[in-house]
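Heads up, the thing below is written out as structure tokens.
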Amino acid sequence: MQRTHRCGDLRATDAGSTVTVMGWVNRRRDHGNLIFIDLRDRSGISQIVFDKERNPEMHSRVEAVRNEYVLAVTGRVERRSEGTINPKMETGEVEVISTELRVLNESRVPPFAPGDANLNVNEEVRLKYRYLDLRRPEMHANIEMRHRVTLAIRNYLAGEGFYEIETPILTRSTPEGARDYLVPSRVHPGEFYALPQSPQIFKQILMIGGMDRYFQIARCFRDEDLRADRQPEFTQIDLELAFPTEKTIHDVVEGFLDAAFTAAGVTIERPFPQMPYDEAIRLYGIDKPDLRLPAMTEVKDFFPADAWETLQVDTALPVVAIRTPKVGELSRKERDDHKGLLNEKQAKVIKYFDDIKRLEKTWPEAIAKVRQACGAEEGDLLIIVAAPKKETATDTTDARRLHRAATAVYSQAGLLRLALAQKYAARHKVFDEKQYKFLWVTDFPSFEWDEGANRWTFAHHPFTSIHEEHAGLLAEGVKALNDPDSALGAIRARAYDVVLNGTELGSGSIRIHQQEVQAKIFEALGMDEAEQKLRFGFFLEALQYGTPPHGGIALGLDRIVMILAGAANLREVIPFPKTAAATDLMMEAPTPVTDAQLKELSIGVRK
RNA sequence: GGGGUCGUAGUUCAGUUGGUUAGAACGCCGCCCUGUCACGGCGGAGGCCGCGAGUUCGAGUCUCGUCGACCCCGCCA
């Protein structure tokens, strides 16, 4: 038997023709002498009719057929009579009157029915029986969208002159950044490969190799704890190109995102707005602003100085208003609940005033200005956030220190802004509407102070160019490596993130292509010459052989598809995802291995 | 590493202050049914209450430990 049609494709225009369809039994309705079977394949569902009068032998065989049996059915497509048409089904105008039935395979009773329209089953069960879960139309839709998005990106980039190039999966461990997944070498006892956290060095080497434009739908591995939007192995759209400006790269990314979203049936606006990191912090308190919600507004100057004295606010630091739209009147309890939105650490950095009406009694003019500056409308919630006054006044003479303190206020206020948005999401409904607000965040700090390690570390990765005019700061900064207020903190990188609705989709930069600059950066990170040579010797050498200026970016494919699918976690758009404990419930991975395997790898396991 | 929620029939859940025979719905099995499409009717089977200790005359229920799922913090250049 040869399949002639797919189940979901039959239409009234097929009436009269004889077809053969194959698929799974979605549901069976047994009326005794008349049996209906909904047959399902990837394309959809068709109703097959088995009539005892017309074919008693076949009818008796179909009585034994159960859910998820795999059938091949030949029959005549007939237009359904008036009153039996099912408008809820794509194929509901027709049905197949079966003339031949072959049971291609039987099925045990499944732990859950993939054909159940309102499936309510624990994810643990879904993951264990992933093959059944994948039969569900919802999963088909997500996987299909992922395919379409990926294909659109491939086609777009190929059209822009990018080569798709594979890079090694077995590579070298780099101790900085995320924890590596390690693979023992049999040939070199005691030595290990690492799975790539990203193809970063390889793609830069490809540029040095004159490949001009590279991309890869690349699998990356990071041995860190999981989140709803983080898997230990994930897929990046990774690209790099020679002789770029920031604009070249932004145009390419916007181009393929446009193609990808179009493939998913979504129109997006271009060009994406841009915002320097420092402005993002000042307006949103975070480096990945969600533009669906209003920014914070500086309101300190609207109040007379004595107001801040009364309210016990530190006037050296910012005072901002947070507006949450369309919240309406708050009950006493709801207002009390705001306290719970701050953790202990946050409460040290900021205090808030959420009873605007009370403030208004004392400072009516100030509050009027606040409302106007925020663009507040009736029903919007306004909360004023400031730093609590401390025993010793904040030092305003040290600009870098002051900046650090102000940044802490902005970021804690930003977290409160998001917590409020989340708390009142059901009321403002901003998150319900299908809107896609893209943003480029640019000019990230090159270095950030690591409190724990008490040293400077890179904010993006150590191959990121700094702005040329900050070369002096770098020279100054390397002389004060142990000072959190060193000049290093003021250096801005030629780095950019693409952000969508408060989610970081991707991150990239113009790379360093001069060996001396690269060595200087390593030095700023506390690596002496010997250590540089040990860890990146080959790369520093490569940079000396005519490296072209180059830059690139990597975007999380899983996250893009997740957002397009409206899914709450990545597992919905990954066919075989891992659990929060990084296990595979279907394969039951990881597993112990035999002593013989370990011996061959010169590995002993500590009990 | 830390915090939270959850774990009872194949599935999703209920289970009172610790009390006698642990329930419901869907699914499953049998019989009936020629126009259903979440078909319907009648009947039936199905339980290591995650696992292990403890408290108690008595534990699904209380305590401790442990395993697993999910979410968050740390972590993720």
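So that the names make sense, note that chain A is the first sequence line, chain B the second, and so on, each numbered from 1.
Closest to the side chain of A/Thr583, out of B/G27, B/A69, B/U12, is B/A69. With B/C76, B/U11, B/G1 as the choices, the nucleotide that has an atom nearest any side-chain atom of A/Arg230 turns out to be B/C76. Residue A/Glu123 places its side chain closer to B/C70 than to any other of B/U34, B/G74, B/C70. When distances run from any side-chain atom of A/Pro111 to the nucleotides B/U34, B/G10, B/C39, the shortest one goes to B/G10. You'll find that the side chain of A/Ala228 is closest to B/C72, out of B/C72, B/A69, B/G35. Counting only heavy atoms from C-beta on, A/Arg29 has its side chain closest to B/U36 among B/U11, B/C33, B/U36. Nearest to the side-chain atoms of A/Thr579 among the listed nucleotides B/A69, B/C76, B/G35 stands B/A69. Each of B/U11, B/C28, B/U36 was ranked by its minimum atom distance to the side chain of A/Val125; first place goes to B/U11. Counting only heavy atoms from C-beta on, A/Glu53 has its side chain closest to B/U34 among B/C71, B/C37, B/U34. The side chain of A/Ala580 sits closest to B/C70 out of B/U34, B/C76, B/C70.
At a cut-off of 3.5 angstrom, the base of B/C37 holds at least one donor-acceptor pair with the side chain of A/Arg80. No donor-acceptor contact under 3.5 Å links the side chain of A/Asn122 to the base of B/C6. Residue A/Arg227 places a side-chain atom within donor-acceptor reach of the base of B/G74, judged by atom type and a 3.5 Å distance cut-off alone. For A/Arg28 and B/C37, a side-chain-to-base donor-acceptor distance below 3.5 Å is absent, hydrogens and geometry of angles not being considered.
Aromatic rings of A/Phe536 and A/Phe463 (six-membered ring for Trp) have centroids within the 6.0 Å cut-off, being under it.
Remark on RNA chain B: of its neighbouring residues A/Phe112 and A/Gly83, the 5'-side contact belongs to A/Phe112, judged by nearest-heavy-atom nucleotide. Nearest-nucleotide positions on RNA chain B for A/Arg559 and A/Arg54 put A/Arg54 closer to the 5' end.
Protein atom CG of A/Asp450 is 8 Å distant from nucleotide atom P of B/C75, rounded to whole Å. Between the CG atom of A/Asp51 and the P atom of B/C33 there is a distance of 14 Å, given to the nearest Å. Remark: P of B/C73 and CG of A/Leu415 are 10 Å apart, rounded to the nearest angstrom. Atom CD in A/Gln47 sits about 14 Å away from atom C1' in B/A38, given to the nearest Å. Atom C1' of nucleotide B/U36 and atom NE2 of A/His59 are separated by 13 Å, given to the nearest angstrom. Here the P atom of nucleotide B/C37 and the CD1 atom of A/Ile45 are 15 Å apart, to the nearest Å. Distance, A/Leu10 CG to B/C37 C1': 16 Å, rounded to whole Å. The nearest whole Å value for the distance from the CG atom in A/Asn86 to the P atom in B/C39 is 11 Å.
Checked against salt bridge (Lys or Arg N to Asp or Glu O under 4.0 Å), A/Arg417 has no partners two or more places apart in sequence or in another chain.
Taking a pair to require two hydrogen-bonding distances under 3.5 Å in either a Watson-Crick or a G-U wobble arrangement, B/A24 pairs with B/U12. Using the Watson-Crick or G-U wobble rule with both distances under 3.5 Å, B/C62 pairs with B/G54.
A/Ser98 contributes no side-chain N or O that, together with a main-chain N or O of A/Phe50, makes up a donor-acceptor pair within less than 3.5 Å. Side-chain atoms of A/Trp449 do not come within 3.5 Å of backbone N or O of A/Asp483 as any donor-acceptor pair. Judged by distance alone, the side chain of A/Asp38 and the main-chain N or O of A/Arg27 form no donor-acceptor pair under 3.5 Å. At least one donor-acceptor pair under 3.5 Å links the side chain of A/Gln231 to the backbone N or O of A/Lys578.
Rounded to whole Å, the C1' atom of B/G23 lies 13 Å from the corresponding atom of B/G46. The separation of B/A25 from B/G65, taken at their C1' atoms, amounts to 35 Å, rounded to a whole angstrom.
Contacts of A/Glu95 with the nucleic acid, taken as non-hydrogen atoms under 4.0 Å apart, include base atoms. As judged by a 4.0 angstrom heavy-atom cut-off over every strand, A/Pro462 is placed among the base-contacting residues. Residue-level contact check: A/Lys88 touches the backbone only, with heavy atoms under 4.0 Å from sugar-phosphate atoms and none from bases. Residue A/Ala459 is in sugar-phosphate contact alone, with no base atom involved, counting any heavy-atom pair closer than 4.0 Å across all strands shown. As judged by a 4.0 angstrom heavy-atom cut-off over every strand, A/Asp30 is placed among the base-contacting residues.
Residue ring and base: A/His31 counts as stacked with B/C39 (centre distance below 5.5 Å, interplanar angle below 30°).
Looking at A/Tyr214 and A/Asp238, their side chains do bring a donor and an acceptor atom within 3.5 Å of each other.
At a threshold of 4.0 Å, the pair A/Glu68-A/Arg28 does not count as salt-bridged, since none of the basic side-chain nitrogens sits closer than that to a carboxylate oxygen.
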